Amino acid sequence: KSTHSCTVRKSSFKSELCTFSGFRIWPGHGIRYVPCANMQSTKLVYPFINHKSKSLFHQRVNPRKVHWTMFYRRMHKKGSVEESKKRRSKRVTKVRREITGLTKVGSQEEAIGHRAQEH
């Protein structure tokens, strides 16, 4: 008999998000850009998934206009679960409305029937 005990470990890897594309960057992957000390920037390090993202970032291309980025996909609601659940439109029910000043159809028929009996 084997006495192997199997333990499940939770992965404690900290993934980062690409500054341009919004993709996850796993440890050991990606490119990091550190701007000069003279530049006043809000972030000290900009992580990128690949050179393509870094290049487009430096060209000041808007990631919301590049089709393969997560920012574009979120903005245009692509690939979300809610896309498959489309709202059902309510069926239109026709409502008969009477014109003011006219009597109901049933009462008109009764009136015609009474007139016919009188004659």
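Values in this document were obtained by computation on a predicted structure and should not be read as measured data.
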Asker: Verify the cluster assignment for L17 and Y33: are they in a single hydrophobic cluster under the rule of side-chain heavy atoms below 4.5 Å apart?
Answerer: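 No: no chain of side-chain contacts under 4.5 Å links L17 to Y33.
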
Asker: What's the separation between atom OG1 in T69 and atom CE in M75, rounded to the nearest 0.5 Å?
Answerer: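 Rounded to the nearest 0.5 Å, the OG1-CE separation comes out at 9.0 Å.
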
Asker: Could you list the residues that satisfy side-chain contact (heavy atoms from CB on, under 4.5 Å) with F57, not counting sequence neighbours?
Answerer: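 With sequence neighbours excluded, F57 shows a side-chain contact (heavy atoms from CB on, under 4.5 Å) to T19, F20, Y46, F48, given in chain and number order.
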
Asker: Measure the CD-NZ distance between Q59 and K54 for me, rounded to the nearest 0.5 Å.
Answerer: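 NZ of K54 is found 12.0 Å from CD of Q59.
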
Asker: Considering only heavy atoms from C-beta outward, does the side chain of V61 approach that of V66 to under 4.5 Å?
Answerer: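 With C-beta onward as the side chain, the pair touches.
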
Asker: List the residues meeting ring-ring contact (aromatic ring centres under 6.0 Å, His included) with H67, not counting sequence neighbours, and say none if there are none.
Answerer: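 If we apply the ring-ring contact (aromatic ring centres under 6.0 Å, His included) test to H67, skipping adjacent residues, the hits are Y72.
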
Asker: Given 3.5 Å as the limit, does a donor-acceptor pair link the side chain of N50 with the main chain of S53, or not?
Answerer: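 The answer is yes, because a donor-acceptor pair under 3.5 Å joins these two groups.
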
Asker: Show me, pair by pair, the donor-acceptor contacts under 3.5 angstrom made by side chains of residues 21-31, not counting sequence neighbours?
Answerer:
{"unit_1": "S21", "atom_1": "OG", "unit_2": "F23", "atom_2": "N", "d": "3.4"}

Asker: For S15, check side-chain hydrogen bond (donor to acceptor under 3.5 Å, both in side chains) against everything at least two apart and list the hits.
Answerer: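 Partners of S15 by the side-chain hydrogen bond (donor to acceptor under 3.5 Å, both in side chains) criterion come out as none, since no residue qualifies.
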
Asker: With salt bridge (charged side-chain N to carboxylate O under 4.0 Å, His left out) as the rule and sequence neighbours excluded, what pairs involving residues 25-35 come up?
Answerer: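 Residue pairs passing salt bridge (charged side-chain N to carboxylate O under 4.0 Å, His left out), neighbours aside: E16-R32.
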
